[in-house]
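Quick caveat, the model's predicted, so the values are computed rather than measured. Side chains are part of it too, since the values below use all heavy atoms of this structure and drop only hydrogens, waters and symmetry mates.
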Amino acid sequence: MWSKEQNEVWQDLKGVWNNQPESEKINIQLSNLILELKSKVSQLEKDFIKNDIKFIKSSISQFEKNSIKNDLNIISKFIKRVVDKFRIKK
């Protein structure tokens, strides 16, 4: 679903993130938080979430899909500019 440019921006953003001094500590904390959240969600809740996602995906019109794609492009361009500014500051 992502364009080549969006994929490149995402890779750049991950590179900037991974080069930050606190990124390893934050990644560990996020991983622990995700594991804790998963352990507290029952199978019933997981099933409801899956059904909700299926319903949402099947209910989205082409207009909405195009709008989302446009929004992702705008966000990607903004992120690319932010990443570029980080590179300039180094």
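Not counting sequence neighbours, the partners of I79 by the side-chain contact (heavy atoms from CB on, under 4.5 Å) test are V9, L13, I75, V83. Partners of N66 according to the side-chain hydrogen bond (donor to acceptor under 3.5 Å, both in side chains) rule, which considers only residues two or more places apart in sequence or in another chain, are Q62.
To the nearest 0.5 Å, atoms CZ (F55) and CD1 (I60) are separated by 10.5 Å. Within the model, atoms CD of E64 and CD1 of I56 stand 11.0 Å from one another, a figure rounded to the nearest 0.5 Å. For the atom pair NZ (K57) and NZ (K65), the distance works out to 10.0 Å, reported to the nearest 0.5 Å. Atom CD1 of I68 is separated from atom CG of N73 by 12.5 Å, given to the nearest 0.5 angstrom. Here the CG atom belonging to D84 is positioned 5.0 Å from the NZ atom belonging to K80, to the nearest 0.5 angstrom.
Annotation: side chain of L33 is not in contact with side chain of L37 (no heavy-atom distance under 4.5 Å).
With no hydrogens or angles considered, a side-chain donor-acceptor pair links S42 and E45 at under 3.5 Å. For the residue pair S39 / E36, no side-chain donor-acceptor distance below 3.5 Å is found, with atom types taken as modelled.
Taking a 6.0 Å sphere around NZ of K46, one finds it holds more than 12 heavy atoms contributed by other residues, nucleotides or ligands.
A donor-acceptor pair under 3.5 Å is absent between the side-chain atoms of S67 and the main chain of F63, judged by distance alone.
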